[in-house]
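Okay, so here's the structure we're looking at.
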Protein chains: 2
Amino acid sequence: MATVRVLVVEDDPLIALDIASCLEDVGYEVCALAHTALDARKALSLNKPDIVLLDINLHDSTDGIQLGEEINARYGIPFVYLTSYAGQATLQRAKQTHPMGYIVKPFDVKGLYSTLEIALSNHARQQAIRQAFGDFETLNTRLPERLTPRELELLKGIYEGRDNQQLAETHHLSLNTIKTHVKNIFAKLDVANRPQAIARVRALLSR
Amino acid sequence: MATVRVLVVEDDPLIALDIASCLEDVGYEVCALAHTALDARKALSLNKPDIVLLDINLHDSTDGIQLGEEINARYGIPFVYLTSYAGQATLQRAKQTHPMGYIVKPFDVKGLYSTLEIALSNHARQQAIRQAFGDFETLNTRLPERLTPRELELLKGIYEGRDNQQLAETHHLSLNTIKTHVKNIFAKLDVANRPQAIARVRALLSR
DNA sequence: TGGCGCATCACCCTCCGGGGTGATATCATC
DNA sequence: GATGATATCACCCCGGAGGGTGATGCGCCA
C-alpha cells in the first residue's frame with residue numbers, strides 16, 4: 001500500500017509543524033499544511049489527501065466544523081478533529097458532520113496514530129460496502145448454500161438492475177442459460193423474484 | 001433521550017472503577033463492569049448496553065479483540081477500545097473488528113467523552129442509513145421531479161422487495177391504485193422496472 | 001469408470017409487472 | 001369557481017419473469 005497522505009489543518013504554525021513531525025514519525029506523508037480555511041480548500045482539491053486532521057478553532061470566518069461539512073459534501077474524504085476541547089455545544093455541532101474521530105489536545109502520538117488507523121480502516125470499509133463491493137464473495141460465506149462463481153457474477157448484475165436480456169449480452173450467454181442461473185440463484189437465496197433477491201443481498205452485505 | 005448505558009470491560013478492578021467514575025461524571029450510566037470475557041458476555045446479553053468500552057489485554061483465554069468480533073457478529077453494539085498501546089500487530093488485529101474508536105491509556109476524561117459521543121453518533125447514523133432510512137426524504141431533494149408522500153411510502157416498500165399485491169394489502173389500497181402509483185414513481189425516477197428503481201434509490205441514498 | 005458439480009442451452013407455461021388510457025374525489029390555491 | 005396536484009380506482013394488452021423439466025459437455029475425484 002502506498003503511504004497515507006494526510007492534510008493537516010491547524011491555524012497555529014508551530015503546532016501544525018509539531019503535528020506534522022509526529023505524523024511523519026509514524027510513517028504518514030503530510031501532503032499539505034493549511035493554516036486557514038482557504039488554504040484547506042485549495043489543498044483539498046489539489047492534493048487529494050487520504051484523510052484530514054482538522055482543528056476546529058481556526059481564527060477564521062469559517063471554522064473547522066464548517067470545513068468538515070464541506071469535506072462531507074464535496075469530497076468523500078474521512079477526517080478527524082484534533083482540537084482543544086470546547087465543550088458540549090461544539091461537540092454537538094461536530095457530531096453532525098460525522099467525523100471518523102475526535103482527538104482532544106494535548107494529543108499524544110500513540111492516540112493520534114491509532115485513531116487515524118481506525119479512521120482509515122473504517123472509512124475504507126464503508127466505501128467498500130456502499131460502492132459496489134469488492135466483496136460479493138464475503139456474502140457467499142453467510143449463505144447456507146454457497147453460490148458458484150458464475151452465479152455470483154450474475155447476482156451482481158441483478159443487484160445493479162440488469163434484466164435477463166442485458167445479462168445475456170454482457171456475459172455472452174444464451175437467454176436460456178441466464179434464466180437457468182437466475183432460477184438457481186433464487187433458490188439458493190430463498191427468494192421468489194429480483195427485488196427480493198436484491199433486498200436479501202443488501203441485508204447480507206450490511207454485516 | 002434516555003441516558004446512555006455503557007458496559008466497561010477491564011480486567012483491573014481499580015482501573016475499571018476509575019473509568020466508571022469518569023463516565024458517570026460526564027453523564028453516562030455504567031450498566032455493568034466486566035473483568036473477564038465471561039462476565040462481558042453475560043453483561044452483553046443481559047444488560048443490552050448502548051456501547052462497550054473494551055480493554056484488549058484481559059489476562060484471559062479470550063482477549064478484547066475476540067470480544068470485539070463477537071460483539072460485531074452477535075450484537076449490533078458499537079464499541080471502543082480503551083487500552084494500553086500494544087504496537088502495530090495489535091492495532092492491525094483491532095482494525096479488523098471495526099471499532100468505532102481506539103483510546104490509548106492513560107486516557108483523559110475529555111478524550112474519552114468526545115470519542116464516545118462521536119462513536120454513538122456515527123453508529124446511530126449508520127443504523128439509520130442501513131436499516132430503513134429516516135431519510136427517504138433526503139432522497140427526494142436529489143430528484144428532478146419530487147415524489148409525493150404516498151409515492152415515497154410505496155417506493156420504500158418496493159425497495160424492501162414487496163410486490164404490488166403485498167403493497168396493496170399493507171397499505172389497504174386497490175391493486176390498480178398501486179399500479180398507478182408505481183407507474184408514476186418509475187416515471188419520476190426515470191427507470192423501467194423495479195430492480196432499476198432499487199438501484200437508483202441506492203445510488204441516490206449513498207450520495 | 002462412474003459419479004458429482006458446474007455451466008451451458010432448449011421448450012413450455014403461467015402470471016405478474018408495467019404501459020396506455022381514462023375516470024372520479026379531494027384539497028389547496030388562486 | 002376554476003385550476004392543478006394528489007389520491008383513488010378500472011380495464012386492456014403484452015412482454016418478460018419465473019417455474020418445471022430435461023439435455024449436453026466438461027472437469028474433478030473417488
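Here is the naming used below: chain letters follow the sequence lines, and residue numbers restart at 1 for every chain.
Residue B/Lys183 has its side chain nearest to C/dT21 when only D/dT8, D/dC9, C/dT21 are considered. Distances were taken from every side-chain heavy atom of A/Arg194 (C-beta onward) to each of C/dT8, D/dG18, D/dA10; the shortest belongs to D/dG18. Here C/dT8 is the nucleotide among C/dA10, C/dT8, D/dT6 with the atom lying nearest to any side-chain atom of A/Thr177. Listed candidates were D/dA17, D/dG18, C/dG18. Nearest to the side chain of B/Asn193 is C/dG18.
Separating the CD1 atom of B/Ile178 from the C1' atom of C/dG17 is a distance of 13 Å, rounded to the nearest angstrom. Note: CZ (B/Arg162) to P (C/dG17) measures 14 Å, nearest angstrom. One atom, CD of A/Glu153, and another, P of C/dC6, lie 14 Å apart when rounded to the nearest Å. Spacing between atom CG of B/Leu189 and atom P of C/dG17 amounts to 17 Å, rounded to whole angstrom units. Summarising the geometry, the separation between CG on A/Leu152 and C1' on C/dG5 is reported as 16 Å, rounded to the nearest angstrom. Distance NE2 (B/His181) to P (D/dT6): 11 Å, rounded to an integer number of Å. Atoms NE2 (A/His172) and P (C/dA7) sit 17 Å apart, rounded to a whole Å. Look at CG on A/Leu167: it is 12 Å from C1' on D/dA17, rounded to the nearest Å.
Of the side-chain N and O atoms in A/Asn164, one or more sit less than 4.0 angstrom from OP1 or OP2 of D/dA17. Not one side-chain nitrogen or oxygen of A/Thr180 sits closer than 4.0 Å to the OP1 or OP2 atom of C/dA7.
The closest side-chain donor-acceptor pair between B/Arg194 and B/Asn164 falls under 3.5 angstrom. With hydrogens and angles left out, the side-chain atoms of A/Tyr81 and A/Thr97 include a donor and acceptor closer than 3.5 Å.
Dense packing is recorded around NZ of B/Lys105, with more than 12 heavy atoms of other residues, nucleotides or ligands lying under 6.0 Å away.
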Side-chain donor-acceptor pairs under 3.5 Å in residues 56-68 of chain A, sequence neighbours left out?
from	atom 1	to	atom 2	distance (Å)
A/His59	ND1	A/Asp11	OD2	2.5
A/Asp60	OD2	A/Ala37	N	3.0
A/Asp63	OD1	A/Ile65	N	3.3
A/Asp63	OD1	A/Gln66	N	3.0
A/Asp63	OD2	A/Arg93	NH1	3.2
A/Asp63	OD2	A/Arg93	NH2	3.3
A/Gln66	OE1	A/Asp63	N	3.2

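The cationic atom of A/Arg200 (NZ for Lys, CZ for Arg) does not lie both less than 6.0 Å from the six-membered ring centre of A/Tyr159 and within 45° of the ring axis.
Judged by distance alone with a 3.5 Å cut-off, no donor-acceptor contact links the side chain of A/Thr148 to the base of C/dC6. The base of C/dG18 lies close enough to the side chain of B/Lys179 for a donor and an acceptor atom to sit less than 3.5 Å apart.
In this structure, B/Asn176 reaches the bases: a heavy-atom distance under 4.0 Å links it to at least one base atom across the strands shown. Among the heavy atoms of the strands, none lies under 4.0 Å from B/Leu175.
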